[in-house]
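Have a look at the structure below before the remarks.
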There are 2 protein chains.
Amino acid sequence: MFTDLREEAVQPELNARQQEILDFLVRTIRERGFPPTFREIAEHCGFRSTQAVSRHLEALEKRGCIHRESGARTIRLANGLLEESDSTEPVRMVPLIGEVAAGRPILAVEDIEDRLPVRQDWLPVHERSFFLRVRGDSMAEGIQAGDLVLVDPGVRVHRTEIVVAMIEDEATVKRFYPEADRVVLRSDNPAYADIVVSRDFRVVGRVSALIRKYR
Amino acid sequence: MFTDLREEAVQPELNARQQEILDFLVRTIRERGFPPTFREIAEHCGFRSTQAVSRHLEALEKRGCIHRESGARTIRLANGLLEESDSTEPVRMVPLIGEVAAGRPILAVEDIEDRLPVRQDWLPVHERSFFLRVRGDSMAEGIQAGDLVLVDPGVRVHRTEIVVAMIEDEATVKRFYPEADRVVLRSDNPAYADIVVSRDFRVVGRVSALIRKYR
DNA sequence: TTGACAAGTGAACGAATGTTCACTAGAATC
DNA sequence: GATTCTAGTGAACATTCGTTCACTTGTCAA
């Protein structure tokens with residue numbers, strides 16, 4: 001019973017063989033455009049029987065990694081396994097949020113206006129990064145109303161860097177000056193006064209890039 | 001001989017049947033993840049023989065629409081046919097030029113530092129558009145040294161718009177104020193004096209967007 | 001009319017392919 | 001030590017699947 005419990009917990013993990021076969025499936029489908037036959041899989045693994053392949057595929061199907069129909073070359077990858085290629089691919093579609101709504105997860109699907117392409121090797125982004133359209137009243141120098149800023153949540157923010165902060169349910173773009181027991185949010189433009197906050201705010205993320213459209 | 005010539009010219013076109021089969025191939029591969037068999041194609045077209053399918057596929061292969069290997073379900077679509085779905089969301093790779101060199105075509109291959117993805121439906125670009133890295137001494141307000149500006153050559157430029165102009169073999173980013181027999185290039189920043197030019201310059205293109213990386 | 005050609009039928013064939021069954025070897029469990 | 005489980009072998013089998021051949025039908029040009 002004890003071991004049963006532990007094995008249940010380990011179930012989602014994949015065997016070394018199963019992983020090897022799954023990788024081979026992904027690679028073959030990507031390169032040749034159609035799945036391999038049992039014998040091609042066997043040859044790749046060094047098997048001399050198709051029976052071993054059959055059982056491994058059965059296991060992979062039981063864990064939801066693949067789907068199968070009857071017939072030759074009818075292995076289909078589960079959702080997400082083929083699209084995983086996007087993590088390899090240098091261009092990632094980053095969502096654009098028009099406005100950060102209060103009390104909702106930032107990346108709520110309903111709030112995604114659009115998606116813009118970003119080359120990951122040129123401008124590092126991660127799963128939770130997003131573009132935010134800057135409102136008129138929250139500018140740092142060189143940032144104008146209507147600009148799109150790329151926000152990276154969960155990234156360590158250093159002094160003087162530009163951040164997006166939520167203050168009273170509104171997103172603001174300012175420079176970040178942490179102090180002993182408070183934080184000063186400053187605009188590069190001296191016409192705007194500093195904003196001093198202590199607890200009633202939270203940093204959404206660091207601004208790592210900007211896009212502006214003219215006309 | 002006359003008809004021969006005409007048939008030669010029509011060759012790249014696809015038959016109604018061939019188009020039907022090609023569409024079926026694309027749809028099947030997209031939905032099921034692997035190509036159909038000859039008999040599945042026959043059933044879809046209403047054929048009662050696989051021979052018809054065989055000849056149509058042969059024609060499709062001869063025209064470069066598909067590739068085939070021996071074996072079951074080994075039809076692969078030619079490049080571009082599967083990605084045609086991307087044409088719904090066209091991302092174009094726009095070259096990035098570090099510096100506009102004098103006396104050379106702007107888009108000389110050797111000068112292309114990189115390529116950045118742009119969604120055409122979101123930000124119109126054309127064949128000759130490129131990104132230019134802004135030098136330190138040619139700023140308009142809201143544009144900083146190191147920013148990348150998207151330049152559209154061959155687009156009609158209107159008064160007050162931002163342009164990239166070549167002045168004495170150097171690229172400059174300024175606002176465009178045409179007058180009777182001369183052109184004033186003005187920086188939004190009043191610290192920079194106007195540049196008045198008459199003949200010794202040329203407008204490279206209109207600035208339609210800007211990208212800035214922080215850090 | 002004749003001939004050429006493209007399109008499709010029908011059946012048969014053989015190779016490719018997934019499935020099944022009996023068996024072996026090793027490791028873990030009782 | 002006996003049992004169970006996993007992993008793999010080897011061969012035989014039935015089906016699927018692409019290929020081939022002979023034949024029919026309709027169209028178009030000479």
Side-chain angles (χ1 to χ4, degrees), chain A residues 1-22 24-25 28-29 32-63 65-76, chain B residues 1-8 10-22 24-25 28-29 32-63 65-77:
Chain A
M1 306 192 170
F2 201 86
T3 52
D4 278 355
L5 271 177
R6 218 178 44 193
E7 286 194 8
E8 285 289 327
V10 181
Q11 257 218 5
E13 300 294 340
L14 266 83
N15 200 336
R17 276 286 193 225
Q18 289 159 6
Q19 188 64 53
E20 178 187 6
I21 291 179
L22 191 58
F24 181 64
L25 290 178
T28 302
I29 292 178
R32 295 218 289 163
F34 42 80
T37 65
F38 280 33
R39 284 169 177 82
E40 286 169 352
I41 299 175
E43 188 185 11
H44 171 260
C45 292
F47 297 160
R48 274 182 278 199
S49 169
T50 58
Q51 168 68 359
V53 175
S54 178
R55 270 204 291 265
H56 282 135
L57 288 182
E58 205 176 326
L60 281 174
E61 186 171 25
K62 201 164 288 175
R63 304 189 181 199
C65 298
I66 62 173
H67 301 285
R68 295 180 55 200
E69 304 178 18
S70 69
R73 300 184 195 266
T74 55
I75 302 172
R76 170 178 24 184
Chain B
M1 306 195 170
F2 201 85
T3 51
D4 278 356
L5 271 177
R6 217 178 46 196
E7 287 192 7
E8 284 289 327
V10 181
Q11 257 218 4
E13 298 295 337
L14 263 82
N15 200 337
R17 275 285 192 229
Q18 290 159 7
Q19 188 64 53
E20 179 187 6
I21 291 180
L22 191 57
F24 180 65
L25 289 178
T28 302
I29 291 178
R32 296 219 289 164
F34 43 81
T37 65
F38 280 34
R39 284 168 178 82
E40 286 169 351
I41 299 174
E43 188 184 13
H44 171 261
C45 292
F47 297 160
R48 276 184 275 198
S49 168
T50 58
Q51 168 68 358
V53 176
S54 178
R55 269 203 292 263
H56 282 135
L57 289 183
E58 205 176 326
L60 282 174
E61 188 171 24
K62 201 164 290 177
R63 301 186 184 205
C65 298
I66 61 174
H67 302 283
R68 296 181 56 201
E69 304 178 18
S70 70
R73 301 185 196 267
T74 53
I75 302 172
R76 170 180 23 189
L77 293 176

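Throughout, protein chains are lettered first and strands after them, A, B, ... in sequence-line order, and every chain is numbered starting at 1.
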Counting heavy atoms from C-beta on, name the nucleotide in D/dT9, C/dT19, D/dT19 closest to the side chain of B/T50.
D/dT19
Between D/dA7 atom P and A/F47 atom CZ, what is the distance in whole Å?
9 Å
Give the rounded distance in Å between these two atoms: CD of A/E58 and C1' of C/dT20.
12 Å
Taking B/H44 for its side chain and B/E40 for its backbone only, find out whether a donor-acceptor pair lies under 3.5 Å.
no
Checking the side chain of A/R73 only, and the main-chain atoms of B/A72 only, is there a donor and an acceptor separated by less than 3.5 Å?
yes
Expressed in angstrom and rounded to an integer, what is the separation of A/Q18 atom CD from D/dT6 atom C1'?
11 Å
note: B/L60, atom CG; D/dG18, atom P; distance rounded to Å ~ 15 Å
Are OP1 or OP2 of D/dA7 and a side-chain N or O of A/R17 less than 4.0 angstrom apart?
no
Closest-nucleotide 5' rank along DNA chain C - winner of A/P36 and B/G46:
B/G46
Ignoring hydrogens and geometry beyond distance, is the side chain of A/S49 in donor-acceptor contact with the base of D/dG10 at under 3.5 Å?
yes
I'd like to know if B/R32 and A/E69 make a salt bridge, using a cut-off of under 4.0 Å between side-chain N and carboxylate O.
yes
Listing time: all N or O pairs from protein to nucleotides 13-17 of chain D that are below 3.5 Å?
{"unit_1": "D/dC17", "atom_1": "OP1", "unit_2": "B/R73", "atom_2": "NH2", "d": "3.0"}

SB check A/R17 A/E20 (cutoff 4.0 Å)
yes
Calculate the interatomic distance between B/E69 atom CD and C/dA16 atom C1'; express it in whole Å.
14 Å
Do the side chains of A/F47 and A/H56 get nearer than 4.5 Å, heavy atoms only?
yes
Short side-chain N/O contact to C/dT17 OP1/OP2 from A/R68, under 4.0 Å
no
B/S54 side chain to B/T50 main-chain N or O, any donor-acceptor pair under 3.5 Å?
no
Taking the side chain of B/H56 as its heavy atoms from C-beta onward, which of C/dG8, C/dT19, D/dG10 lies nearest to it?
C/dG8
For nucleotides 21-26 of chain D, read 5' to 3', which letter fits each nucleotide if B means a protein heavy atom sits under 4.0 Å from the base, S means only the sugar-phosphate is that close, and - means neither?
B-----
Between C1' on D/dT6 and CD1 on A/I21, what's the gap in Å once rounded to a whole number?
14 Å
Is any side-chain heavy atom of A/F24 less than 4.5 Å from a side-chain heavy atom of A/I41?
yes
Validation row: B/I21, B/C45 side chains within 4.5 angstrom (heavy atoms):
yes
Between A/R76 and A/E61, is there a side-chain N and carboxylate O pair less than 4.0 Å apart?
no
Write down the distance between CZ (B/R48) and P (C/dT9), rounded to a whole number of angstrom.
6 Å
